Amino acid sequence: MDPASIWGKRWLNCNQPIAKKYMEVVCKKQSLVVLAADKSTMDELNQLVEDVGDYISALKTHVDLIEDWTEEKWLKFISHTKKKNLIIFEDRKHGDIGKIAKKQMGGIYNIKAWADLVTAHLISGPSILDGLEESWKSINRNGGVLVLAQMSSEGNLLKLPEYTNSAVELSKKHAICFGYIGNGSRPSELIELRNIVGDEKMIWTPGVNLKVEDGELGQRYGNPTNAIKAGSDGIIVGSGIYNTKNPKEMAKEYAEISWRALLERK
């Protein structure tokens with residue numbers, strides 16, 4: 001299926017390699033689902049990817065949540081995800097200056113070697129994007145950064161329009177900027193974000209669930225169809241899939257809903 005005919009202006013205006021790859025994967029799998037794999041053991045992670053990998057386009061990880069992590073186990077897991085044709089998204093939420101962010105992409109977890117995407121705040125300024133870009137370039141890999149422009153958690157400080165506008169303004173033209181994290185629980189906020197972002201960059205959204213209700217510890221949810229029609233290009237879903245009786249069938253349902261919403265949005 002031709003990505004240009006499905007994504008329209010987003011495909012035509014985008015010049016970010018990882019974003020192009022993501023849009024191609026979405027078309028192949030007919031799914032805009034980004035699975036938040038917030039598991040604590042390697043066995044749980046591997047089983048989850050085996051169960052739902054055919055119905056998702058990207059996998060969001062927190063590598064430091066894994067209690068039995070070893071480099072050997074992790075690299076084997078990454079190999080498994082690549083066979084499932086998944087974009088690997090480490091939700092690191094970098095927030096330091098560029099020099100430190102670059103170093104943090106190495107270290108024991110060596111994120112730059114396997115992650116296609118990471119998240120970052122711009123509270124320390126745009127140098128963080130330079131640092132993250134240099135980390136991938138140092139090993140001849142392409143990567144992308146999702147800048148946190150909004151959040152879906154109750155009481156978060158990113159809801160201030162001044163912050164959102166500044167975050168977009170400082171990052172929008174940077175080559176490493178894949179796009180933005182927006183608030184999937186509030187379509188009106190997503191529409192505002194899409195208006196200032198334009199058609200070139202991705203917007204991915206946590207805070208979506210088929211059961212629209214408040215979650216644990218301040219999380220809020222919105223309907224995935226509404227989020228996509230408001231401008232989301234990837235719905236981040238975790239417990240709404242893996243905490244169900246049949247994660248495979250639920251992932252398939254989210255995939256079908258998300259794909260239909262994208263087709264209707266064109």
Side-chain angles (χ1 to χ4, degrees), residues 3-4 6-20 22-23 26 32 34 58 60 87 89 91-95 98 101 117-133 143-208 219-236 258 261-262 264-266:
I6 299 300
W7 287 97
K9 291 182 180 179
R10 199 85 78 250
W11 177 267
L12 295 174
N13 293 332
C14 175
N15 57 9
Q16 220 273 352
I18 298 298
K20 289 279 194 181
Y22 168 72
M23 287 187 276
V26 166
L32 284 77
V34 179
K60 184 173 83 72
I87 304 293
F89 165 32
D91 193 10
R92 178 56 31 219
K93 293 186 177 69
H94 287 281
L117 298 168
V118 296
T119 41
H121 290 281
L122 287 190
I123 53 175
S124 62
S127 73
I128 192 170
L129 299 175
D130 298 326
L132 295 172
E133 182 178 38
V145 179
L146 275 157
V147 174
L148 283 103
Q150 298 172 337
M151 294 183 74
S152 57
S153 52
E154 188 69 38
N156 78 84
L157 299 182
L158 274 66
K159 65 183 179 182
L160 299 174
E162 295 83 3
Y163 178 88
T164 298
N165 291 338
S166 294
V168 173
E169 182 180 354
L170 290 171
S171 59
K172 187 176 177 180
K173 299 302 181 182
H174 202 293
I176 203 67
C177 179
F178 172 91
Y180 300 90
I181 295 294
N183 182 4
S185 69
R186 295 290 187 271
S188 60
E189 293 182 18
L190 267 182
I191 292 171
E192 293 174 3
L193 179 60
R194 177 52 72 190
N195 286 338
I196 63 173
V197 167
D199 290 318
E200 180 181 345
K201 300 295 185 180
M202 295 281 105
I203 295 177
W204 283 11
T205 50
V208 295
Q219 179 60 288
R220 299 177 300 179
Y221 293 118
N223 181 273
T225 297
N226 294 340
I228 291 168
K229 289 187 176 182
S232 172
D233 302 304
I235 53 169
I236 302 172
S258 67
L262 179 61
E264 292 173 354
R265 186 178 78 184
K266 288 196 303 176

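Keep in mind it's a predicted model, so treat the numbers as computed, not measured. All residue numbers in this chain count up from 1 along the given sequence.
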Is [X] reaching over with its side chain to a backbone N or O of [Y], donor-acceptor style, under 3.5 angstrom?
X      : Y      : result
Asp233 : Ile203 : yes
Ser124 : Gly95  : yes
Arg10  : Cys14  : no
His174 : Ile176 : yes
Arg92  : Ala120 : no
Thr164 : Ala149 : yes
Lys60  : Asp91  : no
Gln16  : Gly143 : yes
Gln150 : Asn183 : yes
Arg265 : Lys229 : no

* To do: Evaluate whether atom NZ of Lys93 has more than 12 neighbouring non-hydrogen atoms of other residues, nucleotides or ligands under 6.0 angstrom away.
  => yes
Can you name the closest pair of heavy atoms from [X] and [Y] and give their distance?
X      : Y      : answer
Val208 : Ala227 : CG1-CB, 3.8 Å
Ala175 : Glu133 : CB-OE2, 3.9 Å
Gly182 : Pro206 : O-CD, 3.3 Å
Leu190 : Gly184 : CD1-CA, 4.2 Å
Ala101 : Ile128 : CB-CG1, 3.7 Å
Pro187 : Ala230 : O-CB, 3.7 Å

Report yes if the side chains of [X] and [Y] come closer than 4.5 Å at any heavy-atom pair, otherwise no.
X      : Y      : value
Thr119 : Phe89  : yes
Leu32  : Ile228 : yes
Asn165 : Ile196 : yes
Trp7   : Leu12  : no
Ile87  : Val34  : no
Asn15  : Glu200 : yes
Thr205 : Ile236 : no

* Output, in order, the C-alpha distance, side-chain angles, deciding distance and verdict of side-chain contact (heavy atoms from CB on, under 4.5 Å) for Leu132 and Val118. => CA-CA 9 Å; Leu132 295 172; Val118 296; 4.1 Å; yes
[X] [atom1] to [Y] [atom2] distance, which is reported to the nearest 0.5 Å:
X      : Y      : atom1 : atom2 : value
Leu148 : Leu122 : CG    : CG    : 8.5 Å
Cys177 : Leu170 : SG    : CG    : 11.0 Å
Lys201 : Lys173 : NZ    : NZ    : 8.5 Å
Leu262 : Thr225 : CG    : OG1   : 11.0 Å
Asn223 : Ser185 : CG    : OG    : 12.0 Å

* Centroid-centroid distance, Phe178 to Trp204, less than 6.0 Å -> yes
* CA sep, side-chain torsions, deciding dist, call: Val145, Leu117, side-chain contact (heavy atoms from CB on, under 4.5 Å) -> CA-CA 6 Å; Val145 179; Leu117 298 168; over 6 Å; no
* Classify the side-chain pair Ser171/Tyr180 by whether it contains a donor and acceptor separated by less than 3.5 Å. => yes
